[in-house]
Visitor: 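Dumping the structure here so I can ask a few things about it.
For clarity, every value in this text was computed on a predicted model and none was experimentally measured.
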Amino acid sequence: MFSLIWTLIIGGVIGALAGAITSRDLPMGWIGNIVGGLIGAWLGQALLGTWGPQLAEIAIFPAIVGAVVLVLVVSLITRGLAR
């Protein structure tokens, strides 16, 4: 149970970092940050591997890179839908 909570916290922090790096926010606030961080971590680890330091079995550097890519893609999609 504690590992699930820890994973959600790390996912939220990664999502918030990706939003801060790109100066764009994910929709749905902190829930969007958690989902974006977890999906970005999966994407980054799938593309770049699991190198670097790890927290809650999430490789930090690939996760941040994957989350940044995800935030940019979601931002482009939502901006396109708003027009």
Side-chain angles (χ1 to χ4, degrees):
M1 177 68 172
F2 185 69
S3 65
L4 174 64
I5 294 170
W6 185 242
T7 301
L8 293 175
I9 290 170
I10 298 301
V13 169
I14 289 171
L17 279 172
I21 290 170
T22 60
S23 299
R24 299 179 175 156
D25 292 326
L26 286 169
M28 296 176 34
W30 59 273
I31 294 174
N33 281 340
I34 292 172
V35 171
L38 292 175
I39 293 173
W42 172 79
L43 178 67
Q45 290 183 38
L47 295 175
L48 303 173
T50 57
W51 53 273
Q54 294 187 3
L55 289 172
E57 298 183 16
I58 297 175
I60 300 300
F61 298 128
I64 292 172
V65 170
V68 165
V69 169
L70 182 72
V71 167
L72 290 174
V73 168
V74 168
S75 174
L76 289 173
I77 290 171
T78 57
R79 188 172 12 147
L81 292 175
R83 290 184 182 181

Visitor: Could you give the distance from CZ (Phe61) to CD (Gln54), rounded to the nearest 0.5 Å?
Guide: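 CD of Gln54 is found 11.5 Å from CZ of Phe61.
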Visitor: Which residue is it: Ile14, Val73, Ile21, Leu17? I am looking for the one with a side chain to side chain contact (heavy atoms under 4.5 Å, CB included) to Val68.
Guide: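 Option passing the side chain to side chain contact (heavy atoms under 4.5 Å, CB included) with Val68: Ile21.
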Visitor: Taking all atoms of both residues into account, what is the closest heavy-atom pair of Ala56 and Thr7, and its distance?
Guide: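 Taking every non-hydrogen atom into account, CB-OG1, 3.8 Å.
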Visitor: Mark yes when over 12 heavy atoms from residues, nucleotides or ligands other than Trp6 sit less than 6.0 Å from its CH2; otherwise mark no.
Guide: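 12 or below, so no.
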Visitor: Return the minimal non-hydrogen interatomic distance between Glu57 and Gln45, and the atom names on each side.
Guide: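 Scanning both residues, the minimum pair turns out to be O-NE2, 4.1 Å.
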Visitor: Hydrophobic cluster membership, with links at side-chain heavy-atom distances under 4.5 Å among I/L/V/M/F/W/Y: are Trp42 and Leu47 in one?
Guide: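 Yes, one cluster joins them.
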Visitor: Heavy atoms only: give me the nearest Ile58-Ala63 pair and the separation to one decimal.
Guide: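 Residues Ile58 and Ala63, closest heavy atoms: CG2-CB, 3.7 Å.
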Visitor: Cluster question for you: counting only ILVMFWY and a side-chain heavy-atom cut-off of under 4.5 Å, with indirect links fine, are Val35 and Leu72 together?
Guide: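 Hydrophobic grouping puts Val35 with Leu72.
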Visitor: Nearest heavy-atom pair of Gly36 and Ala67: which atoms, and what distance?
Guide: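 Scanning both residues completely, I find the closest heavy atoms to be O-CB, 4.2 Å.
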Visitor: Please answer: with hydrophobic residues joined when any side-chain heavy atoms are less than 4.5 Å apart, are Val71 and Leu76 in the same cluster?
Guide: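 Different hydrophobic clusters.
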Visitor: Restricting to side chain to side chain contact (heavy atoms under 4.5 Å, CB included), what partner residues turn up for Ile34, sequence neighbours left out?
Guide: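 Side chain to side chain contact (heavy atoms under 4.5 Å, CB included) list for Ile34, sorted by chain: Leu8, Trp30, Leu38.
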Visitor: Could you report the tightest heavy-atom contact between Thr50 and Ala59, atom names first, then the distance?
Guide: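 Taking Thr50 first and Ala59 second, the nearest heavy atoms are CA-CB, 3.8 Å.
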